[in-house]
Amino acid sequence: MKMIEKLGLAALHRLDPETAHGLSIRALQAGLVPLPGPVTSPRLRTRVAGLDLPNPVGLAAGFDKNAEALAPLSRAGFGFIEVGAATPRPQPGNPRPRLFRLTEDRAAINRFGFNNQGMEAIAARLAERPRDAVIGLNLGANKDSTDRPGDFARVLAHCAAHLDFATVNVSSPNTEKLRDLQGRAALTALLSGVIETRDALARPIPVFLKIAPDLSEDEIADIAAVARDTGVDAVIATNTTLSREGLKSPHKGEAGGLSGAPLFDKSTRVLARLSALTEGEIPLIGVGGIGNAEQAYAKIRAGASAVQFYTAMVYGGLALASEIAQGLDALLARDGFASVAEAVGTGRKDWL
């Protein structure tokens with residue numbers, strides 16, 4: 001990390017976390033953040049769900065909710081970017097404060113509640129997106145919707161022309177009863193509707209499913225079966241957790257989803273279990289607790305074809321994108337892998 005970024009992070013940490021996050025978006029828009037440009041190599045280039053990625057290190061949804069910094073983020077070293085979540089209508093989300101740094105734990109708790117400017121504003125920005133980047137959108141449902149499954153399909157239909165992939169997010173803990181849609185029958189109906197909408201598009205795109213880490217063995221098995229049966233193109237494992245095990249921060253009792261370092265083991269175990277159940281039939285994207293190249297590599301060896309991170313940037317800055325990608329390249333070379341695909345799942349048994 002360059003000194004200017006270290007100074008910027010130190011200044012942001014003196015502010016309320018949500019205010020600091022907004023300023024980080026503004027700094028990107030203003031060109032105040034050092035950007036390394038694309039990071040790639042023959043080992044890092046990979047193909048996931050039909051998408052050609054320069055490297056397998058992605059930005060998770062939640063950082064750029066409203067697609068406001070697509071151009072600078074496309075030059076930050078990520079192999080792909082996911083924005084959102086977007087809902088059909090704008091909504092303010094839950095009352096502030098709703099974002100908390102857990103510095104002692106290298107973590108964060110949020111209870112945003114899908115605050116966003118709505119699909120129309122987000123689609124307008126996506127229409128101006130950089131064409132040399134891989135960009136997807138996290139689909140959400142309005143809190144007061146009477147047809148939440150339909151909301152996901154509506155956002156997809158409205159925004160798909162400007163996307164490379166879309167993610168069905170039924171795993172946020174901050175919208176009441178949203179996680180109920182992860183049940184087998186409800187999830188099958190929801191995904192079938194989204195896939196039907198996708199198949200009717202002029203240019204069909206891959207549809208991903210993002211799941212929670214707080215699932216039983218039987219629930220993970222159900223999700224694997226539904227993903228296979230409905231034709232989902234990839235599964236993202238996982239979103240934030242409701243667990244508070246082992247936390248030290250004074251904010252550990254705040255309601256919301258926990259992300260960051262404490263989530264690494266829990267999310268990787270879910271990933272590995274899902275990898276064993278799907279047997280390579282469905283690509284997996286590993287998320288949760290990644291803060292360095294070694295952890296990204298562990299996710300890949302547990303079964304992920306690509307990875308995403310976000311919370312670690314609160315403590316390590318945007319430079320982490322290129323650092324993790326370059327470090328991953330070195331780890332693949334060290335172990336004799338000619339590609340990311342060769343390493344996928346080679347360490348899965350360590351997590352089962």
Connected via hydrophobic side-chain network under 4.5 Å: Leu23 and Leu99: no
Start with the C-alpha distance between Phe114 and Asn142, add both sets of side-chain angles, then the distance that settles side-chain contact (heavy atoms from CB on, under 4.5 Å), and finish with yes or no. CA-CA 8 Å; Phe114 281 174; Asn142 282 115; over 6 Å; no
Considering only NZ, NE, NH1 and NH2 on the basic side and carboxylate oxygens on the acidic side, decide whether Arg96 and Asp16 come within less than 4.0 Å. yes
Exercise: do Ser243 and Lys266 side chains pair donor with acceptor under 3.5 Å: no
How about Phe78 and Phe309: are their ring centroids closer than 6.0 Å? yes
Kindly give the heavy-atom pair with the smallest separation between Pro88 and Gly140, and that separation in Å. CD-O, 3.9 Å
Just how far is it from atom CG of Leu331 to atom CD1 of Ile324, taken to the nearest 0.5 Å? 11.0 Å
Taking all heavy atoms of Gly286 and all of Leu271, pick out the closest pair and write down the distance. CA-CD2, 4.2 Å
Same cluster or not: are Trp351 and Leu284 linked, directly or through other Ile, Leu, Val, Met, Phe, Trp or Tyr residues, by side-chain heavy atoms under 4.5 angstrom apart? no
Test item: side-chain donor near acceptor, Lys299 and Ser267, under 3.5 Å: yes
Does Leu53 form a side-chain contact (heavy atoms from CB on, under 4.5 Å) with Val48? I'd like the steps, not just the answer. CA-CA 7 Å; Leu53 309 179; Val48 179; 4.0 Å; yes
Roughly how far, to the nearest 0.5 Å, is the CG atom of Leu209 from the OG1 atom of Thr230? 7.5 Å
Is any NZ, NE, NH1 or NH2 atom of the basic residue among Asp233 and Arg198 found under 4.0 Å from an Asp or Glu carboxylate oxygen of the other? yes
Using atom types as modelled and distance alone, determine if a side-chain donor or acceptor of Arg129 lies under 3.5 Å from a backbone N or O of His162. yes
Do Asn169 and Leu139 touch side chain to side chain, with heavy atoms closer than 4.5 Å? no
Measuring only between side-chain heavy atoms, which start at C-beta, is Leu137 closer than 4.5 Å to Ile122? yes
Looking at Arg101 and Pro17, what are the two nearest heavy atoms and their distance? NH2-CA, 3.6 Å
In Å, rounded to the nearest 0.5 Å, how long is the span from NZ of Lys65 to CG of Asn115? 4.5 Å
Under a 3.5 Å distance rule, please check whether Thr19 uses its side chain to pair with a backbone N or O of Leu15 as donor and acceptor. no
Before giving the answer on side-chain contact (heavy atoms from CB on, under 4.5 Å), spell out for Thr311 and Phe63 the whole-Å C-alpha distance, their side-chain angles and the decisive distance to 0.1 Å. CA-CA 9 Å; Thr311 300; Phe63 179 76; over 6 Å; no
What is the minimum heavy-atom distance between Gly136 and Leu163, and which atoms define it? C-CD2, 4.1 Å
Between Glu5 (side chain only) and Leu318 (backbone N and O only), is there a donor and an acceptor less than 3.5 Å apart? yes
So does Ala107 get a backbone contact from the side chain of Tyr315, meaning a donor-acceptor N/O pair under 3.5 Å? yes
What's the verdict on salt bridge (Lys or Arg N to Asp or Glu O under 4.0 Å) for Lys252 and Asp105, showing C-alpha distance, side-chain angles and the deciding distance? CA-CA 9 Å; Lys252 63 184 179 182; Asp105 303 298; over 6 Å; no
Step by step, would you call Val270 with Ile211 a side-chain contact (heavy atoms from CB on, under 4.5 Å)? CA-CA 10 Å; Val270 172; Ile211 65 170; 4.0 Å; yes
Just by distance, with hydrogens left out, do Asn55 and Thr40 show a side-chain donor and acceptor under 3.5 Å apart? no
Strictly by modelled atom types, are Gln117 and Arg125 linked by a side-chain donor-acceptor pair under 3.5 Å? yes
In terms of hydrophobic clusters joined by side-chain contacts under 4.5 Å, are Val314 and Leu9 together? no
Arg111 side chain vs Arg98 backbone, donor-acceptor pair below 3.5 Å: no
Is there a path of hydrophobic side-chain contacts, each under 4.5 Å between heavy atoms of I/L/V/M/F/W/Y residues, joining Val307 to Val134? no
Ignoring hydrogens and geometry, is there a side-chain-to-backbone donor-acceptor pair from Arg244 to Leu242 under 3.5 Å? yes
Determine yes or no for a side-chain-to-main-chain donor-acceptor pair under 3.5 angstrom, with Arg106 supplying the side chain and Gly291 the backbone. no
Between Val194, Val155, Val232, Leu156, which is the residue that forms a side-chain contact (heavy atoms from CB on, under 4.5 Å) with Val168? Val194
In the structure I gave you, are the side-chain heavy atoms of Val39 and Pro54 within less than 4.5 Å of one another anywhere? no
Please tell me whether Val287 and Leu328 are part of a single hydrophobic cluster in this structure, the criterion being side-chain heavy atoms less than 4.5 Å apart. no
Give the minimum heavy-atom separation between Pro262 and Leu247, together with the two atoms involved. CG-CD2, 3.6 Å
Between Leu258 and Leu263, is any pair of side-chain heavy atoms under 4.5 Å apart? no
Roughly how far, to the nearest 0.5 Å, is CD1 of Ile236 from NZ of Lys210? 6.0 Å
Compute whether any side-chain donor of one residue and acceptor of the other, for Asn66 and Asn116, lie under 3.5 angstrom apart. no
Which atom names give the shortest non-hydrogen contact between Ser74 and Ala71, and what distance separates them? OG-O, 2.6 Å
Considering only NZ, NE, NH1 and NH2 on the basic side and carboxylate oxygens on the acidic side, decide whether Arg43 and Asp329 come within less than 4.0 Å. yes
Do Glu219 side-chain atoms and Ser216 backbone N/O form a donor-acceptor pair below 3.5 Å? yes
Flag yes if more than 12 heavy atoms outside Arg334 fall under 6.0 Å of its CZ atom; otherwise flag no. yes
Counting only heavy atoms from other residues, nucleotides and ligands, does the tally under 6.0 Å from CD of Glu281 exceed 12? yes
Are there more than 12 heavy atoms of other residues, nucleotides or ligands under 6.0 Å from atom CD of Glu294? yes
Are Arg154 and Asp147 within salt-bridge range, i.e. N to O under 4.0 Å? yes
So CG of Asp132 and CZ of Arg75: to nearest 0.5 Å the spacing works out to 9.5 Å
Would you check if the side chain of Glu82 reaches a backbone N or O of Ile135 as a donor-acceptor pair within less than 3.5 Å? no
Could you grab the distance from atom CD1 of Ile300 to atom CD1 of Ile285, nearest 0.5 Å is fine? 11.0 Å
Which class fits the ring pair His251 and Phe100: parallel under 30°, tilted 30 to 60°, perpendicular over 60°? tilted
Once you measure the plane-to-plane angle for Phe165 and Phe208, does it fall in the parallel (<30°), tilted (30-60°) or perpendicular (>60°) bin? parallel
Would you say the side-chain atoms of Glu68 and Gln29 include a donor-acceptor pair closer than 3.5 Å? no
Ser192 (side chain) donor-acceptor with Ala189 (main chain) under 3.5 angstrom: no
Assign the ring pair Phe337 / Tyr297 to parallel, tilted or perpendicular, where the plane angle (0 to 90°) is split at 30° and 60°. perpendicular
